[in-house]
**Q** 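Pasting a structure below so you can have a look.
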Amino acid sequence: MAGTHAGLKEKIKRALSDARGDDDLLERLSELAKDWRFSGFTYLFAPVLWRRNRVRFRPFILAHFGEWAVDEKGSQLNPWKGAHASELEQWYRAADEADDVEVVRRLQAWKIRWDDAGSGAWQDQLVSRVERALDGARRRTELAKFELAQQLDESHAVKLYELDPSAAGPFIQRHMVRRLPSWWKPSATSLWQELRAAAQRKGDDAFADLVYKRTAEDARWKRDVLDLAERVSDSDDLCAGLKRLQIDWLPSDSGEVFLELLRKRGNASVPYVLGAIQGMRRTYYGAPKGYEKLVELAWERRWLALWAAALRSVGSPADFNKQVRRLLRDSVLPGDERRRCLGILAGVGREWNFGPFGAAAIPPLEDDVAAEMYERSPEMVRGPFKKHVFSGWHMGYAKLTDAVLRAHDEVLIDYLASRLVTRSWFHGDKATPDVVVRLSQHYEALAHDEREFARRGANVLGAVPAFAVYDYERLIKSNRLARVLWERRASLYLSSDAAIRDLLESPQIFAQLLAFRALARDDDRARRLASESLDLLRATLLRPLHRKTRFKAFGALWRAAEHDEPTARKVADAAIEAFALPDKRYPKEALLALVARIKHRYPALRSASEELVVYGEALP
Amino acid sequence: MIPVLVDYASPSSFFADDRTNQLGLSTNQRRPVRLHARVARSKVLSVRLALQALGELVWSDDSWLSDDEYMSIVLDPVITVHPDRVFFEAFSQDQSSYGVVVLDRGVLECEGRVDHGTTNVDFTAWLWSALGEMRSRRETWLRIGPEGFAVQTTGAGGRFEGKVELPEPWVRGFLQMQAAAAMLGTRLELRPVDLLAAIRHLRFSKAKVSPRALRWEMEPGAEARLVLEPWEQVIPLRGAQHSYAEKRSIRVWGRRRLKLLEPLLPFASTVRVYLKGRALPSFYAVELEPGVTFVLGLSGWTGNKWAQSGGFDLLSMSSEPDAAEVDRVLAALRLSFAMDLGAIAAACGMQRAHAEAAVMRLCRQGMAIFDVERRQIRYRELFEEPPDESKLFPPDARRQAALRLATAGQVVVSNVSVRETSKQRRLKTPEGPVERTITYREWQVDGTAAGQTSQIVVSDAGKIVFGTCSCAFFKENLLNMGPCEHMAALLLASEPQRMDMPSSVEAAPSVRLGEGRGGDHEA
């Protein structure tokens, strides 16, 4: 019986009736709550607990509240009808009177699930309670109690707004209908005119605009935009008005609307279209209607910013490259003007920033186009178009690599190398492995000048972003350039102070590891450099590092300590502090060994208790 | 929603070559601020780490389940350039953490004109990532201005004017933080490794059952210590002095948010902790180098967002300040940029309590901030136009109820007694240091409101510092959600009986003066 619903119900009942006190009851219920079915009996235990001592049991009730209910047979049950209904209603009223917003909210949600009238009843209740509320604070409390995942209709929203615009405005915003993209659900909404008019009457333009933004239908938006273009003569007023009409999810033919607007109002409408064009979206089927004509018009009228923004944001990579190539070969435009147009065309198309995650769409430059650009205007590839090289996948840039190697353009060579030094997969990509080999040969050839190799190698590895290397072992096996820069020549980096410092400050852990390996070598240069980089090395004692990396860091710290006694003292003090860390896999025995070696090497650093004591044979 | 118009001419960018780092922070063109400066070479790494930590804070969200709408849009960090410092402020997405990077002007060697003021700076995940390429051996330039950094971005696809719509709770939270920072509390100075040990312990050990508090324990004659619940794991805080004469412990929650400090602590020289009381906010100032500090402010627990009302503003039910007084205080701050409360009162010729009320009003309007480290008020306009206060601070049910009780005569004050403690302090004056005995006063007020028995302890500045009540709200929440309506009503009703008295007298010459240093009560 213990494992059944009936058994559990019986135990709950028994606990509620037999418990010696609140503590005992809580303990017994907590034990029963380990059963996943426990929250299905919320209707049974929660009202009783609430009546008994709401302060004591409220956290327990909230933690085990379930918006589902089962009977002793395990069948679903509507607790708001039948034997438990009056008790639940009583609880609801008591919580409501006590203004326990959280509990009321949960009970409301539960009740609505079983209410045939559903959200209709929810809206009616909400409006009538807000009407009855005495003051603003009260109205806000009532609204908070009805903060459920329900949608308002316009008539109820208007009533709420008329009652208390400041309190109801944000509430309506959270519960009003939302526009959907037309390709998903055409004409999903129709403008809430009445609510918008109510907001306008109260002078609440921001809210009126929000209502428009959320509810205006596509056809309405097109009509309003073109109508405004007819009516308003001042360009600033026009742009401000158009911005206020900005809706969520532009329709798929928005390009045609913008085109018509630009034809009608020319320069006056450009600032608006420039901002709004980000809302035009390219789909699987291609660019939105009107896009090509819009680009042509922008170029004809020399609205270069608009032309470039449209190409970058809405155009395909092929469109982008076509325009770049056309400009490069253009013999009509003067050189300066051509460069200016190219400069305006470069940049990020779209950018999405969701907290710590950022994504940017940068149209990739094809290898042919990049090589041609480098031949005609190398400064453009080094400057604005640098980010367009390697912005796509599997583009080896063989021709561009040849060109930069021939020109000994170390800025671009290092840049190309930094993009390729992390590539460990080359499936289906025939050109890239050759490029990797050519670049690795270039760096190998530098090895005769240690300083130069270190400087250039650090430039490449220092430009590798954090977490860009996923599988180091595989990378080293499959990428010759990575082997040359990361594995084969660690000692060469000691010839450049700047290179070591750069590697230590790199956010890429494998670049740091290379520096630790170099500094851990038995070499006087390593001792000096490690001592000079103590500010960074000391931090490695406290930073979270993999075990292997930490051993290398300890090696570098030991070389720093070898350099002189003051440095050794700092290392020893920092190492002793690190014993306070509770890190599970921290090699404390190696840390102890480091401290011991330092104190052995420099007896002056020993405290009295650390002095060697040699015990002689006991005298008879 | 509070609309904030931002207009960046070009994206912020970072550009580095073999010799130089150029960090160009594009400011909102609608609020021009300009500062071009070379960063002292020894501070470059610290500046980079602090700015990266601030970026992480902006996007951090430590709430288990958000019952609010997901906020995909947050306000870019706010930068303020003052004659003595430059600081970047940010507020987390979950509304429970606040961070500020403080750069003393000594760290920056300015070039050309400096336009003081406050503005937003374009700060994206891309810039955050690019900061990783900053190297300390290179000459580093910080260019704050509407043009960002021209070399990299000329013609390279500028940004457009945009409107960020900030939810009222988020803005309210940002402003509420000031009220919390101004509260008196306990100051401790720690070794970074000790705080790091606590963070690491939490990282490796998941507390699946409550209590999950971080308990700061101060015992007379011993160094402070940190206890992690529920394991009762003690972390001794070596060198953390305090001046409590009896055992005191302060519990705070939401400790996982301390992980925001984890990347900084290995590079830090010291950490100063400011505790405001049980389940009240706490502030952690991590000094990376002299002149480069990162301050993290945490609400009492993660779910207790700064945005929630009822906490800090109810602790003080002071009457609304006169608009003319507010204007005078604002004018004084605009002139001096940073002043302490006494200096404001003296400069504006008003009582300290009035000055405080005016300052709190300015903080609510986003026109000033409280510097938790120097205990100064700084001029800082968060928005181009002050936001609508009625939207930001809607009528609070408890405040309204307290006013109703006081007006209806349902409050009986049975006792108002004063408690005094004295300390010897050396004070700086234009004529040189003087030695005075400072008297700190607290009033204990007993009484009943609407039949509930209440007791409150009110600070010299008219704030409730402690209290009890027989009502259900207090039993449920203690003071975690601020005082109940009965305590607030008692505070209002007892105001005429709490008289201002002289706060210091000349010290007896034989008294040995104690220097105020780390680890004592803030005063």
Side-chain angles (χ1 to χ4, degrees), chain A residues 54-55 58 98-99 135-138 140-141 166-167 170 173-174 206 210 274-275 278 305 308-309 312 340 343-344 346-349 351 353-358 360 384 411 455 459 462-463 465-466 498 501-502 505-507 535-536 538-544 577-578 580-584, chain B residues 1 3 11 17-18 45 55-56 58-61 67 69 72 74 93 124-126 128-129 132-137 152-158 160-163 167-168 191-194 196-197 200-201 204-205 233 235 262-263 265-267 390-391 394-397 399-401 472 475-476:
Chain A
R54 76 179 174 98
V55 173
R58 187 177 178 275
D99 281 338
D135 54 30
R138 202 63 240 161
R140 280 169 196 275
T141 308
S166 69
Q173 195 180 332
R174 287 192 291 276
L210 180 99
L274 193 55
Q278 295 284 326
R312 280 196 311 261
R340 192 171 80 88
I344 290 172
V348 174
E351 195 175 312
N353 289 292
F354 300 104
F357 306 105
V411 172
R455 185 179 69 82
N459 280 350
R501 185 87 197 169
D502 280 1
E505 288 183 11
S506 164
D535 55 334
L536 295 167
R538 204 162 44 175
T540 60
L541 289 163
L542 303 183
R543 286 173 48 202
E577 275 193 358
L581 292 180
D583 298 36
K584 276 180 183 167
Chain B
M1 290 285 180
D17 60 22
D18 206 30
L45 184 66
E56 287 187 18
V58 173
W59 307 308
S60 72
D61 189 341
D67 43 12
E69 279 193 318
S72 59
V74 289
Q93 199 157 306
T124 60
W126 293 96
W128 180 87
S129 175
E133 289 183 37
M134 196 185 267
R135 300 285 178 271
S136 61
R137 70 173 174 85
Q152 182 73 350
T153 56
T154 299
F160 310 108
E161 187 174 313
K163 189 163 83 172
E168 281 91 1
R191 293 186 313 164
V193 68
D194 293 333
L196 195 59
R200 290 283 166 76
H201 192 281
F204 296 120
S205 323
Q233 173 72 32
I235 296 175
E262 194 178 355
L265 291 172
F267 298 91
S390 63
K391 271 188 176 178
D396 183 272
R399 179 181 279 266
Q400 301 268 28
K475 282 180 193 161
E476 273 179 56

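By convention in this document, chain letters (A, B, ...) are assigned in the order of the sequence lines, proteins followed by strands, and residues within each chain are numbered from 1. Computation of the quantities below employed the complete heavy-atom set of this structure, encompassing side-chain atoms and omitting hydrogens, waters and symmetry-equivalent molecules.
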**Q** Is chain B contacted by the side chain of A/Asn459, its backbone, both, or neither, given a heavy-atom distance below 4.5 Å?
**A**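 Side chain of A/Asn459 only, per the 4.5 Å heavy-atom cut-off to chain B.
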
**Q** Using every non-hydrogen atom in the two residues, find where A/Pro507 and B/Gly132 come nearest and quote the distance to one decimal.
**A**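 Closest heavy-atom pair between A/Pro507 and B/Gly132: CD-O, 3.2 Å.
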
**Q** Is A/Arg455 reaching over with its side chain to a backbone N or O of B/Asp18, donor-acceptor style, under 3.5 angstrom?
**A**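 Pair absent, no side-chain N/O of A/Arg455 close to backbone of B/Asp18.
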
**Q** What part of A/Asp135 is in contact with chain B, defined as an atom under 4.5 angstrom from a non-hydrogen atom: side chain, backbone, both or neither?
**A**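 The answer is the side chain of A/Asp135.
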
**Q** At a 4.5 Å cut-off on heavy atoms, which part of A/Ala498 comes close to chain B: side chain, backbone, both, or neither?
**A**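 When you check distances to chain B, atoms from both the backbone and side chain of A/Ala498 fall under 4.5 Å.
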
**Q** Heavy-atom pairs under 4.5 Å with chain B - which of A/Arg138, A/Arg501, A/Arg140 has more of them than the others?
**A**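 It is A/Arg140.
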
**Q** Top residue by heavy-atom pair count (under 4.5 Å) with chain A, among B/Pro263, B/Pro192, B/Ala197?
**A**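 When all of B/Pro263, B/Pro192, B/Ala197 are compared, B/Ala197 has the most.
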
**Q** List the atom of B/Met134, the atom of A/Glu505, and the distance in Å for their closest heavy-atom pair.
**A**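 It is O-OE1, 3.8 Å.
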
**Q** With a 4.5 Å heavy-atom cut-off, do A/Arg543 and B/Phe267 have their side chains touching?
**A**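 A/Arg543 reaches B/Phe267 side chain to side chain.
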
**Q** For chain A, which of B/Arg191, B/Gln400, B/Glu262 has the most heavy-atom pairs under 4.5 Å?
**A**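 Heavy-atom pairs under 4.5 Å are most numerous for B/Arg191.
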
**Q** Is chain B contacted by the side chain of A/Thr141, its backbone, both, or neither, given a heavy-atom distance below 4.5 Å?
**A**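 Side chain of A/Thr141 only, per the 4.5 Å heavy-atom cut-off to chain B.
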
**Q** Measure A/Arg538 against the heavy atoms of chain B and call it side chain, backbone, both or neither at under 4.5 Å.
**A**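 Neither part, no heavy atoms under 4.5 Å.
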
**Q** Is there side-chain contact between A/Leu536 and B/Leu45, with heavy atoms separated by less than 4.5 Å?
**A**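 In contact.
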
**Q** How close do A/Leu542 and B/Leu265 get, heavy atom to heavy atom, and via which atoms?
**A**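 Minimum heavy-atom separation between A/Leu542 and B/Leu265: CD1-O, 4.5 Å.
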
**Q** Say you draw a straight line from OG of A/Ser506 to CD of B/Glu133; how long is it, rounded to the nearest 0.5 Å?
**A**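 Nearest 0.5 Å value for the OG-CD distance: 9.0 Å.
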
**Q** Heavy-atom cut-off 4.5 Å, strictly under: side chain, backbone, both or neither for A/Ala580 against chain B?
**A**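 Both backbone and side chain.
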
**Q** Look at B/Gly55, B/Ala472, B/Ser136 and state which one has the largest set of heavy-atom pairs under 4.5 Å with chain A.
**A**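 So the answer, after comparing B/Gly55, B/Ala472, B/Ser136, is B/Ser136.
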
**Q** Using modelled atom types only, decide if a donor and an acceptor are shared between the side chain of B/Arg200 and the backbone of A/Lys584 within a distance under 3.5 Å.
**A**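 Not at all, since once roles are kept as given, no pair shorter than 3.5 Å links the two residues.
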
